[in-house]
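Letters go in sequence order (proteins before strands), and every chain restarts at 1.
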Amino acid sequence: MPYKILEKKQIAPQVHLMKVLAPDVAKAAKAGQFIILRIDETSERIPLTIADFDAEEGYVTIIFQEMGKTTKQLAKMNEADELQNLVGPLGTPADVRKLGTVILVGGGVGIAPVYPQVKAYREAGNKVISIIGARSKDLLILEDEMEAASDEFHVATDDGSKGHHGFVTDVVKEILDSGEDVTRIVVIGPPILMKVAAGMTEPYGVETIVSLNPIMIDGTGMCGGCRVSVGGETKFACVDGPEFDAHKVDFNLLMSRLALYRNEESECLENHECTCRGGN
Amino acid sequence: MAAREKMLHQDPEKRVENFDEVALGYSEEQALAEAARCLECKNPKCVEGCPVNVDIPSFIAQVKEGKFDKAIATIKETNSLAAVCGRVCPQEVQCEQYCVLAKKGEPVAVGRLERFCADREREKGVEAPVKAEPTGKNVAVIGAGPAGLTAAADLAKAGHAVTLYEALHDTGGVLTYGIPEFRLPKAIVREEVDYIKQLGVDVKVDYVIGKIKTLDELRNEFDAVFLGTGAGLPKFMGIEGENLNGVYSANEFLTRVNLMKAYRFPDYGTPIKRGKRVIVVGGGNVAMDAARSALRLGADEVSVVYRRGEDELPARKEEIENAKEEGVVFRLLTNPVRILEGENMTVKGVECIKMELGDPDESGRRRPVSVEGSEFVIDADIVIIAIGTSPNPMILSGSEGLEVGSRGTIVVDDSGKTSLENVCAGGDAVTGAATVISAMGAGKLAAKTINEYLKNN
């Protein structure tokens, strides 16, 4: 069954939002889960976190950044086009409970998966402090939505074009130093950001959760390709995660495994662009 | 007694450079000559060795008379995956082992004749099956592998409305993601699935039961449920270095190659590391498939590392011979103890230890024992772990009361019933990793049990 794209818009340079018709997935989805999609017969399967979902309207929202061949190909698709496959919701939902005060941090495209969590934590009765960050203000996404869904809202940009001039972790540190009683911190973004955040929060002893995005194929625990090391134990991010205790994750291993196919990816992209220029 | 007809194979030197089918099948003349070898025993034993009880004597007699259409119809009475079984069944330890001629040397090539009949029918175009009168009952089948496909076919033939749920984007289960094209062309799997669709089975891919719907929800929605979820969870050895880049589970390696067609990268988008020196750990059919795939991806040297000896290799003899012909090196009585790290967290080699065989263990096989101080290193850039799989626990979420054994397998009685009233199970999810045909046998048995249950409820 193909999956129709209901809406598509560019929300930052090379960052796109898509609402895709998938009623059964939308009905079962919970914050923290992801989907795997395949564009057509020759595409790879790529995991993307669910950025939003609407059980009544029957769609899930995905947000992605153009990186390799598949995401560039996806970016060329438009409303009314159909994805050949979309499977989900996969992964264990985020453990959202009433805890007190929760800081939610989203970096770059990582803001997308943080958004449903902000809503869920607030619904569960927590005080939600959100911090979003990007290299510059053009790359910030879901700013209004995040602000509306949070009790307290902060922005950080590397170049200082908006909000705090610096990293999101600086803002987290400030809040922790201010004496705010924070029960949990959730950080989702590039692995290096999650690694830095984990190192920063560790001395404060505040529980810190990250959502990992290793390479996956099936997303059901079958291939074992998404192995991550957490507290010295091997876990499969697709079924045991994607969320883990940040203080126990081996980020160096995660980053090296993410770089595994870098050469092949550029080969594939070149091949794709040659084909495109060839008129196909 | 005439000698057993040999089957033509692609030349080993050529076939390591492609993913085309290795065994080329019988010609009509060969099939007639081979069928003529059958002694038509008064008390045929071959059927007893078949987990789905194909009426072997009848179909061979029909081949003998050149009535090939009748022969395939006979096979299909009990086996809806004939072209698959004719290729991947371990006939040598099933039907053919019981053949009277086996005692005198060479049994009748039952599997090759089955393949011949199925292939001949496919070339002619398969006729649509006759559908039974609808019973008004509906059944959910979870998993589109050999167990699920067989159960779905039998349940649909009985007139029930069958919905078949599959987690991947393609049907076939292990036939599609696990067994390589050169041993089982995917077009054949697809045609077998089309036949099942013609029976009226509603196939839903991209559907992960346990996530999108719980088992309890399905039990409410359907009159009965069959669980054929397989044993897809890969086992690792738990040794140092297993998470290094370049270490694959056989499942991942084969899924990339077979399901995602990584051997056609970059035309297909899924990449795979093409190693120069590849080590495959394990000695079963999956290990052979992985080793032979690695050779075809361009490796200079592929070694199978197995902790027991040649006689204990669990893979089919035919596949071991095929692998040897193609140049796979067998390093027997050898066990990996550590994977060595090279630059950037990649694999540099595998430290192994020599083994010797001691007294038999609970499996009846002689227990391998390490030879102290015999460690040595084999250089490698890719390591594929093919030491088995266990059932995937995902189905268990939201299924209160489903009894599960110690190794994660679903517990069933002699008729395939689980501890839940309207739920049966079969295949690798019940037994742990086994064969295609035993999974099909379990699918058949469960379908029969479900039929009886639906008659009374």
Within the distance-only criterion (no hydrogens, no angle test), does the side chain of [X] pair as donor or acceptor with the backbone N or O of [Y] below 3.5 angstrom?
{"X": "Lys211(B)", "Y": "Gly91(A)", "value": "yes"}
{"X": "Asp218(A)", "Y": "Leu168(B)", "value": "no"}
{"X": "Thr255(B)", "Y": "Cys223(A)", "value": "no"}

Minimum heavy-atom distance between [X] and [Y], given as atom pair plus value:
{"X": "Tyr207(B)", "Y": "Asp24(A)", "value": "OH-OD2, 2.7 Å"}
{"X": "Ala28(A)", "Y": "Ile212(B)", "value": "CB-O, 3.6 Å"}
{"X": "Leu233(B)", "Y": "Phe236(A)", "value": "CD1-CE1, 4.4 Å"}
{"X": "Tyr268(B)", "Y": "Glu41(A)", "value": "CE2-O, 3.6 Å"}
{"X": "Tyr3(A)", "Y": "Val205(B)", "value": "OH-O, 4.4 Å"}

Exceeds 12 heavy-atom contacts within 6.0 angstrom, atom NZ of Lys248(A): no
Lys186(B), NZ atom: more than 12 neighbouring heavy atoms under 6.0 Å: yes
Verdict with reasoning, Arg45(A) to Met260(B), per side chain to side chain contact (heavy atoms under 4.5 Å, CB included): CA-CA 8 Å; Arg45(A) 292 166 62 102; Met260(B) 305 309 298; 3.6 Å; yes
Lys273(B) and Glu264(A) ion-paired at < 4.0 Å: yes
Test item: Asp267(B) and Thr42(A) side chains (from C-beta on) under 4.5 Å apart, heavy atoms: no
Verdict with reasoning, Met345(B) to Leu253(A), per side chain to side chain contact (heavy atoms under 4.5 Å, CB included): CA-CA 8 Å; Met345(B) 297 178 114; Leu253(A) 178 72; 4.0 Å; yes
Which bit of [X] is near chain B, if near means a heavy-atom gap under 4.5 Å: side chain, backbone, both or neither?
{"X": "Ile39(A)", "answer": "neither"}
{"X": "Arg257(A)", "answer": "both"}
{"X": "Thr70(A)", "answer": "neither"}
{"X": "Val25(A)", "answer": "both"}
{"X": "Ile217(A)", "answer": "side chain"}

Pick from Leu90(A), Thr234(A), Val239(A) with the largest number of heavy-atom pairs that fall under 4.5 Å of chain B: Thr234(A)
Interface residue of largest heavy-atom contact number with chain A, from Gly232(B), Gly238(B), Pro234(B), under 4.5 Å: Pro234(B)
Choice from Leu259(B), Val247(B), Ile385(B) maximising heavy atom contacts with chain A below 4.5 Å: Val247(B)
Under 4.5 Å from a heavy atom of chain A, the part of [X] involved:
{"X": "Leu254(B)", "result": "neither"}
{"X": "Asn392(B)", "result": "side chain"}
{"X": "Leu244(B)", "result": "backbone"}
{"X": "Phe253(B)", "result": "neither"}

Nearest-0.5 Å distance, CE of residue Met222(A) to OG1 of residue Thr229(B): 13.0 Å
Between CG on residue Asp206(B) and CG on residue Leu37(A), distance to nearest 0.5 Å: 10.0 Å
Short side-chain donor-acceptor distance under 3.5 Å, Ser256(A) and Asn245(B): yes
Chi angles and distances behind the side chain to side chain contact (heavy atoms under 4.5 Å, CB included) call for Lys261(B), Glu44(A): CA-CA 9 Å; Lys261(B) 308 226 179 307; Glu44(A) 57 182 336; over 6 Å; no
